[in-house]
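Worksheet: the structure to be examined is printed underneath.
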Amino acid sequence: MLKSFVTGAAAIAVSALAPLSAISGPLYFNPEVNVGADIDDGVGGSTAELHFGAKGDGLYGQIGPMLVIPDTGETELGVSGKAGYAFGPGYTELSFSSVDSDTTFNLKVGGSFDL
């Protein structure tokens with residue numbers, strides 16, 4: 001079932017991003033693992049995202065399946081994505097993740113400066 005979900009999610013992601021890639025730039029694959037940790041409890045759960053995306057002219061967007069791997073309990077399957085824009089040294093990014101019926105959104109604004 002996991003294999004069919006990942007394959008289906010990849011097909012949907014590529015279909016959704018096809019118009020953007022025709023206008024802007026190349027398609028790409030962005031696997032990412034995020035591990036949670038804190039001083040009191042140490043290393044906790046993690047997420048693994050397998051995003052397909054498109055980028056160009058400072059814009060990018062990516063979407064794909066996400067595995068939520070808690071430190072205890074069962075692994076859950078969801079979907080996540082992000083879109084952003086880079087301008088000069090700054091950038092902004094809007095992301096989402098959805099597992100079951102729980103969807104969260106995050107906004108990030110930052111900068112990158114050469115030293």
Side-chain angles (χ1 to χ4, degrees):
M1 177 169 165
L2 177 62
K3 184 177 179 182
S4 63
F5 178 83
V6 170
T7 303
I12 291 168
V14 170
S15 298
L17 293 166
L20 179 59
S21 68
I23 295 170
S24 55
L27 294 177
Y28 63 92
F29 176 59
N30 179 217
E32 181 176 298
V33 175
N34 295 292
V35 179
D38 65 37
I39 302 273
D40 296 329
D41 299 323
V43 175
S46 61
T47 60
E49 299 171 324
L50 304 172
H51 288 171
F52 292 89
K55 61 183 173 181
D57 296 328
L59 295 169
Y60 66 91
Q62 57 189 54
I63 190 170
M66 174 184 68
L67 294 170
V68 179
I69 308 160
D71 54 350
T72 60
E74 294 185 23
T75 297
E76 295 182 281
L77 189 58
V79 64
S80 64
K82 53 184 85 166
Y85 179 66
F87 48 93
Y91 67 92
T92 184
E93 179 179 283
L94 177 64
S95 63
F96 80 93
S97 62
S98 183
V99 178
D100 293 328
S101 61
D102 184 26
T103 301
T104 60
F105 294 91
N106 295 292
L107 178 64
K108 182 190 311 184
V109 176
S112 177
F113 304 94
D114 293 336
L115 302 177

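Here, residue 1 is the first one in the sequence, and each next residue gets the next number.
- Under a 4.5 Å side-chain heavy-atom cut-off, the cluster of Ile, Leu, Val, Met, Phe, Trp and Tyr residues that includes Val35 is completed by Val33, Val43.
- Ser80 contributes atom OG, which lies 8.0 Å from atom CD1 of Ile63 (distance to the nearest 0.5 angstrom).
- Counting only heavy atoms from C-beta outward, the side chains of Leu77 and Leu67 approach each other to under 4.5 Å.
- At least one side-chain heavy atom of His51 sits under 4.5 Å from a side-chain heavy atom of Lys82.
- Among residues two or more places apart in sequence or in another chain, the side chain to side chain contact (heavy atoms under 4.5 Å, CB included) test is passed with Asp71 by none.
- In this structure, OG1 in Thr47 is found 5.0 Å from CD in Glu49, a value given to the nearest 0.5 Å.
- Under the salt bridge (Lys or Arg N to Asp or Glu O under 4.0 Å) criterion, Glu76 pairs with no residue, sequence neighbours left out.
- Side-chain N or O atoms of Asp57 include none that pairs as donor or acceptor with a backbone N or O of Leu59 at under 3.5 Å.
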For residues 106-115, which side-chain N or O atoms pair as donor and acceptor with protein atoms under 3.5 Å away, sequence neighbours left out?
none

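- Here Tyr85 pairs with nothing under the side-chain hydrogen bond (donor to acceptor under 3.5 Å, both in side chains) rule; sequence neighbours left out.
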Just list the side-chain donor-acceptor pairs under 3.5 Å for residues 93-103, sequence neighbours left out, or say none.
| residue | atom | partner | partner atom | Å |
| --- | --- | --- | --- | --- |
| Glu93 | OE1 | Tyr60 | OH | 2.3 |
| Ser97 | OG | Thr104 | OG1 | 2.9 |
| Ser98 | OG | Thr103 | OG1 | 2.9 |

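- For Ala83, there are no side chain to side chain contact (heavy atoms under 4.5 Å, CB included) partners at least two apart in sequence or on another chain.
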